[in-house]
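Have a look at the structure below, then the notes.
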Amino acid sequence: MADKFGLLGQKLGHSWSPQIHTLLCGYDYALIEKEPEQVAEFLAETDLAGMNVTIPYKKTVVPFCTALSDAARAIGSVNTLVKTPSGWFGDNTDYAGFVAMTEQCGVPVSGKKALVFGSGGASLAVIAALRDLGADPIVNISRSGADNYDNLDRHADASILVNATPLGMYPNTGVSPAELDRFPACEAVLDVVYNPARTKLLLDAEARGIPHAGGLIMLVAQARRSAEQFAKTAIPDSRVREIADILERQMRNIILIGMPGCGKSTVGRRLARKLGRPFIDADTVLAEEAGMTIPEIFASEGEEGFRRRETAVLSRLGMGSGAIIATGGGCVTRQENYPLLHQNGVIVWLRRDLKNLPTAGRPLSQRNAPETLYEQRKDKYAAFADITVDSDEVIYHTVTKIWEAIR
């Protein structure tokens with residue numbers, strides 16, 4: 001019987017680890033959710049040959065190991081367990097994963113002051129890696145330590161910021177351990193969170209032109225080190241980038257924006273069928289939740305009421321993964337919608353000749369000439385868009401152009 005492996009944690013509903021390990025080596029890999037009081041019994045009785053360990057058990061499992069790797073011993077935290085004749089061997093591959101993340105970011109850390117937010121198992125690996133990479137000084141920010149969130153001003157000269165907490169992780173997106181304006185000397189931002197692809201911290205770095213990297217490459221790189229021990233085989237470095245690219249394409253939403261009537265819903269449905277993904281029409285979701293049609297919402301609540309509802313819907317849809325989402329034509333009129341859509345998505349602006357835009361059932365299009373609406377919104381569409389595609393009357397052509405642009 002083939003060996004089985006898995007991931008031990010408390011809440012694992014949106015983990016990508018099974019897919020990563022399947023791509024790496026193809027063995028059986030399960031998600032194992034346990035409460036703290038269940039961990040000891042599980043480790044004693046499980047028939048798994050090895051497992052990864054995540055929040056909040058990276059320190060919990062250390063006493064159950066009969067042997068530790070040098071990295072695990074130095075860090076004081078374990079994220080990989082391998083069953084041996086004498087018991088569990090504990091390793092920490094987060095170290096290698098974080099080193100891969102710094103390489104992707106491309107900013108040297110040697111001699112730079114680094115702030116590490118968080119005091120859990122991930123932060124221990126991050127601090128050890130930064131130390132070996134030559135960062136100096138390294139300051140650990142925790143809620144109750146001498147260096148905490150209430151005295152961040154003393155570290156305004158920090159060059160490297162690392163989020164090693166779950167802050168900003170799905171489903172509690174839109175939060176950050178600190179505001180980047182407090183760190184005028186910041187040269188790089190690293191975030192171990194991988195879902196969403198762009199946490200608020202990373203979005204803020206992107207807006208300021210600061211080099212940054214998210215946790216997906218770290219996730220894959222640490223998994224590769226674990227998989228080598230599980231399968232007892234070497235895995236080429238190139239597989240890390242290949243698998244990260246595969247996951248990134250699968251995880252990100254494809255968001256369609258553009259003028260009312262430009263074909264977002266029609267193109268979105270066809271694109272969803274082509275890619276085997278779910279299709280979501282944001283306006284349809286909004287209307288169903290309101291129990292009213294879009295014109296009825298405008299009539300009873302005005303545009304401002306509609307926009308508030310729209311932002312609430314986009315907030316939920318944008319934090320999901322892997323969907324094709326058609327938005328309302330005016331979603332770009334609220335800047336706060338941009339990070340909601342961008343956090344996990346690539347935004348595609350569908351442009352269509354104004355004379356081909358229908359107006360029936362569209363309150364704003366009926367009140368304003370398409371030319372007027374377009375002049376008001378064109379710069380906003382351009383600012384939101386990652387990709388711009390002309391929406392052809394032949395739907396197949398538009399879908400093909402989108403897919404080629406995204407690939």
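These numbers were taken from a predicted model, which means no experiment stands behind them.
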Please assess F64 against W88 for the test ring-ring contact (aromatic ring centres under 6.0 Å, His included), listing each intermediate value before the final yes or no.
CA-CA 7 Å; F64 297 94; W88 290 112; 9.9 Å; no
Do S142 and S144 meet the criterion of a side-chain donor-acceptor pair at a distance under 3.5 Å? no
Review point. Are any of the side-chain heavy atoms of N79 and T54 separated by less than 4.5 Å?
Key: no
| query | Going by atom types only, do Q104 and R241 share a side-chain donor-acceptor pair under 3.5 Å? | reply | yes
Per side-chain contact (heavy atoms from CB on, under 4.5 Å), R309 is matched among I297, V285, I294 by I297
Could you check whether the rings of Y27 and F5 sit parallel, tilted or perpendicular, using 30° and 60° as the cut-offs?
tilted
*Pair E179 + R182: basic N to acidic O under 4.0 Å*: no
Exercise. Examine the side chains of N52 and H21 and answer whether a donor and an acceptor come within less than 3.5 Å of each other.
Key: yes
So, the side chain of S176 versus the backbone of K200: is there a donor-acceptor pair under 3.5 Å, distance only? no
Kindly indicate whether the side chain of Y29, heavy atoms from C-beta on, has any atom under 4.5 Å from the side chain of K4.
-> no
inquiry  = Is it the case that the side chains of T80 and S226 hold a donor-acceptor pair, with the cut-off being a distance below 3.5 Å and no angle test?
reply    = yes
**Asked** Just by distance, with hydrogens left out, do Q10 and E33 show a side-chain donor and acceptor under 3.5 Å apart?
**Response** no
